[in-house]
Student: 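Below you'll find the structure I mean.
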Protein chains: 2
Amino acid sequence: MIGNVIVGQSGGPTSVINSSLAGVFKTAKDRGAKKVYGMLHGVKGLLDKQYVDLSEKIKTDIDIDLLKRTPSSYLGSCRYKLPEIGEDRETYDKIFKILDELEIKYFFYIGGNDSMDTIKKLSDYGLIINSDIRFMGVPKTIDNDLAVTDHTPGYGSAAKFIASTMKEIIRDGLVYDYPQVTVVEIMGRNAGWLTAAAALARGEDCEGVDLIYLPEKVFDIDHFMARVEEKVGDGRSVVVAVSEGIKVEDGRYVFELADHVEFVDAFGHKQLAGTAKFLADKIGAAYGVKTRAIELATLQRCAAHMTSRTDITEAFNVGGAAVKAAFEGESGKVVVLKRVCDDPYMCITETHDVHQIANIEKKIPLEWITDDDYVTMDLIHYIRPLIQAELSPIMVDGLPRHLNINM
Amino acid sequence: MIGNVIVGQSGGPTSVINSSLAGVFKTAKDRGAKKVYGMLHGVKGLLDKQYVDLSEKIKTDIDIDLLKRTPSSYLGSCRYKLPEIGEDRETYDKIFKILDELEIKYFFYIGGNDSMDTIKKLSDYGLIINSDIRFMGVPKTIDNDLAVTDHTPGYGSAAKFIASTMKEIIRDGLVYDYPQVTVVEIMGRNAGWLTAAAALARGEDCEGVDLIYLPEKVFDIDHFMARVEEKVGDGRSVVVAVSEGIKVEDGRYVFELADHVEFVDAFGHKQLAGTAKFLADKIGAAYGVKTRAIELATLQRCAAHMTSRTDITEAFNVGGAAVKAAFEGESGKVVVLKRVCDDPYMCITETHDVHQIANIEKKIPLEWITDDDYVTMDLIHYIRPLIQAELSPIMVDGLPRHLNINM
């Protein structure tokens, strides 16, 4: 019999992070794990001995299927960075003591950049104290900014939601016979992968987004205004996709520009208008056209009712692959996705040294961004397979059913 | 053979307004209409002789099925109010001349309050000049604020999207182990029907929304802040649903309060923060908790990927019933929905004099709003049947496919 397993989730939620949890749980049980614990609120919760025996929560195949369709982190999450080992060994000793009490032999952590940092430090510390616990990272992030892996689980579903929603916003935006400008703000402070997914909207049945602005390139407001004016001048309605993270040449975020005017609310609290709102207001003031600012906001990362089956399956598989690798003796690694063929799309999992992944940010190659404020077909071909196919929600009484650890 | 038919769409789009168009088109063709024209951009486009022969656009059953799943107004829309008959007969003469040129005998207009006003005036004018053209209104509006009808087509799908999305936002909002306040702003300037749909999120698998504020009741900021403080004080995360239209006692919208501080952007353009943003910032400043403001924005009215099959079927049926009634000689009427049974839910169509519907706004009865900032089970029982069942999008290459009149 294999020893005990513990799994945690960390960082910002995604629509499919629980599919990875399902992958870890089911594969560990199938492969003979005695107990599979779930830490609540990640490592931070573990430090407070907050955990559950997952077999008491996930009892049936329908529970597994609900879990795969439940957005956000089933186990709760945290934003907690472990101290440097040299600075604070106490925290590490505490964690390893708790793991020993639970007779843990395998530790899995599902998360993005910061969470991979946790795996790196714990496995490093494990080596120092000669622990036989295996540590594996399971990648997730809607931002798709992890190094080495072809893409991250969570990105495909967010991209599918963004592209679908853009198609709907475009239909809505072109309905009147006078020009109207819609500016849609999409997540991504430093990497434009999510915003680039707006390009998928264009097709046989859709005019598509007119302009796309990504944080990888300096944002030139005058150029932007001229491009919008040019299109509005033709009497056309325009839909623009912008990353929340676009910056002007001096390094300020666009949403910080609104701040130039004294905008504090009644409580002295500085308010920042969003990027889209700032640009939409500027366009409205300059050209007298009707404008709308839309922030896709949190919906991008939790719209579990519109996931990519490709993504949800890969999310399950990276969880399962992490278990397989750990049970076979690997540690200090992250499971990554490797695209072995573009057409037909095929992706396999591999494991990779966590030191080469943690804390590194993957951006869009500049050659995938065009001079006319759009993206190349190469970028579209890269994203398209990741949004394919659906996993329908399980609908109960008109609404998608989730699995809730508290109920 | 029956004479020619013309149909138009007007006002703000919904996810299912094209299902009503499909209902008018298919029923008119099935019942022997010679030609079915579609006016482009409603009556305003008609005045410019903008119309299409719909048989040249909607050719197959698959086109009908795509049309039912296409958000926004397939024919384009307008925001145009006909002049009073006494003030400007020219406009009316022009419209009737164009209708005569096209040999129109039946005129259908799909829209909300303002559009019903158009039907009222055109049918009144028809009586004055002794025209034999039949005028029928087909109701739509996500706002559910039309009089007489049990509910409006479009509302059920918007309610389903709102409730589904709230469930996802709640999962996302409760993920951390420290309190976080999420304020979600939902459409509805004067009527709270859409915001009330947030109450459907609560159930066996979901904690639900904590507080709901509707425009039917005066919004007391001090009371609101106290309620939030009470919940946050327990260390809980809180999710609040607010109508964009909530007003304080002196009659100002909450989003106008931010305006007290000099907030003009660099162009002298007055910016209004949204209701949710204003309240979230106020909570953050007062209690030092993390807050998020989410506006569901346009997505509420165009999320065709998450429609209620009940709604989409009823939308089709009101279109068809309008045709049947007109072909049987009725005019100056609106098709309304009448709930004949609650359990099992059954709704039939009737026709009703447009004079008793146009320009009247239906609000939520005050007895359906509770003193503890929530809604009653009566209101939930009223909404619940309207969100039942799904009509899956037709997915092509990973995205919902639509029917586009321009492509």
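This is a predicted model, so every value here is computed, not measured. To find a chain, count down the sequence lines: A is the first, B the second, and so on, and within it residues start at 1.
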Student: Does any pair with a residue in residues 398-407 of chain B pass salt bridge (charged side-chain N to carboxylate O under 4.0 Å, His left out), and if so which ones, sequence neighbours excluded?
Tutor: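 Listed once each, the pairs are A/E204-B/R401, A/D205-B/R401.
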Student: In terms of heavy-atom proximity below 4.5 Å to chain B, should A/T165 be classed as side chain, backbone, both, or neither?
Tutor: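 The side chain, not the backbone.
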Student: Does A/M306 reach the side chain of B/P400, with side-chain heavy atoms less than 4.5 Å apart?
Tutor: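 A side-chain contact exists here, since the closest heavy-atom pair is under 4.5 Å.
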Student: Are the side chains of B/N406 and A/E207 in touch, meaning some heavy atoms are under 4.5 Å apart?
Tutor: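 Answer yes - side chains close enough.
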Student: What option among A/S308, A/P393, A/C206 has the most heavy-atom pairs under 4.5 Å with chain B?
Tutor: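 Top option by heavy-atom pairs under 4.5 Å: A/C206.
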Student: Mind checking the CG-CD spacing from A/L299 to B/E168? Nearest 0.5 Å is all I need.
Tutor: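 It is 7.0 Å, given to the nearest 0.5 Å.
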Student: Only counting residues at least two apart or in another chain, list the ones meeting salt bridge (charged side-chain N to carboxylate O under 4.0 Å, His left out) with B/D65.
Tutor: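 For B/D65, the residues satisfying salt bridge (charged side-chain N to carboxylate O under 4.0 Å, His left out) (neighbours in sequence not counted) are B/R69.
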Student: When heavy-atom pairs shorter than 4.5 Å are enumerated against chain B, which of A/L75, A/D172, A/I387 gives the highest number?
Tutor: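 The option with the most such pairs is A/D172.
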Student: Does any donor atom in the side chain of B/T70 or A/R171 lie under 3.5 Å from an acceptor atom in the other side chain?
Tutor: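 Checked: B/T70/A/R171 side chains show no N/O donor-acceptor pair below 3.5 Å.
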Student: Please state whether the rings of A/F161 and B/H305 are parallel, tilted or perpendicular, taking 30° and 60° as the class boundaries.
Tutor: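 Correct class here is perpendicular.
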Student: Are there residues of residues 176-185 of chain A whose heavy atoms fall under 4.5 Å of chain B's heavy atoms? If so, which?
Tutor: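 At a heavy-atom separation under 4.5 Å, chain B is reached by A/Y176, A/D177.
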Student: What part of B/I169 gets within 4.5 angstrom of chain A, counting heavy atoms only: side chain, backbone, both, or neither?
Tutor: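 It is both, since atoms from each part get that close.
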Student: Give a yes or no answer on whether the side chain of A/Q388 reaches the backbone of B/D397 with a donor-acceptor pair at less than 3.5 Å.
Tutor: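 Indeed, once roles are kept as given, a pair shorter than 3.5 Å links the two residues.
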Student: Whether the side chain of B/K160 engages the backbone of A/L399 through a donor-acceptor N/O pair (distance < 3.5 Å, no angle test) should be reported.
Tutor: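 Pair absent, no side-chain N/O of B/K160 close to backbone of A/L399.
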Student: Of the backbone (N, CA, C, O) and the side chain (C-beta and beyond), which part of B/R79 lies under 4.5 Å from a heavy atom of chain A, both, or neither?
Tutor: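 For B/R79, the contact with chain A is made by backbone and side chain together.
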Student: Is B/S73 close to chain A through its backbone or its side chain, or both, or neither, when contacts mean heavy atoms under 4.5 Å?
Tutor: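 For B/S73, backbone and side chain are both near chain A.
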Student: What part of A/H41 is in contact with chain B, defined as an atom under 4.5 angstrom from a non-hydrogen atom: side chain, backbone, both or neither?
Tutor: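 When you check distances to chain B, only side chain atoms of A/H41 fall under 4.5 Å.
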Student: Tell me which of these, B/A297, B/S77, B/S392, B/G76, has more heavy-atom pairs under 4.5 Å with chain A than the rest.
Tutor: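 Maximum pair count with chain A is reached by B/S77.
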Student: For chain B, find which of A/A389, A/G173, A/G42, A/C78 contributes the most heavy-atom pairs closer than 4.5 angstrom.
Tutor: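 Winner by heavy-atom pair count: A/C78.
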Student: For B/L296, is it the side chain, the backbone, both or neither that has a heavy atom under 4.5 Å from a heavy atom of chain A?
Tutor: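 For B/L296, the side chain is the part near chain A, not the backbone.
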Student: Report, by ascending residue number, the residues of residues 8-17 of chain A in heavy-atom contact with chain B at a distance under 4.5 Å; give 'none' if the set is empty.
Tutor: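 Residues in range: A/G11, A/G12, A/P13.
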